[in-house]
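Worksheet for the structure shown next.
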Amino acid sequence: MATNCDFSRSSLLNEHYQREMELIAVALQEESQDEREERLSLVAQAWSLTTACFQSQVETSEVPALTSVAYARP
């Protein structure tokens with residue numbers, strides 16, 4: 001059950017989010033085509049790095065889990 005405090009906090013967070021989105025929308029409207037292409041290029045690079053790091057974390061976290069299971073067997 002939500003309390004008045006939760007609702008007030010949620011409302012404040014929503015207002016903050018809306019202000020931030022408005023600033024972003026204005027900035028996006030004002031950027032040039034070159035800036036847009038550069039931003040999209042950076043996003044694409046960041047995405048490939050993020051997925052590579054995530055995949056690496058998944059692979060390294062699987063090894064200790066399998067090893068600990070092997071040690072748990074009599």
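Under the salt bridge (charged side-chain N to carboxylate O under 4.0 Å, His left out) criterion, E37 pairs with no residue, sequence neighbours left out. Qualifying side-chain contact (heavy atoms from CB on, under 4.5 Å) partners for Q55, counting only residues two or more places apart in sequence or in other chains: E59.
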Report all side-chain donor-acceptor pairs from residues 43-50 shorter than 3.5 Å, counting only partners two or more places apart or in another chain.
residue, atom, partner, partner atom, Å
S48, OG, Q45, O, 2.9
T50, OG1, A46, O, 2.7

Side chains of residues 20-29: which donor-acceptor partners sit under 3.5 Å, not counting sequence neighbours?
none

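The list of salt bridge (charged side-chain N to carboxylate O under 4.0 Å, His left out) pairs with a residue in residues 38-48, not counting sequence neighbours, reads E31-R39.
The line from CG of L13 to CD of Q18 is 12.0 Å long, rounded to the nearest 0.5 Å.
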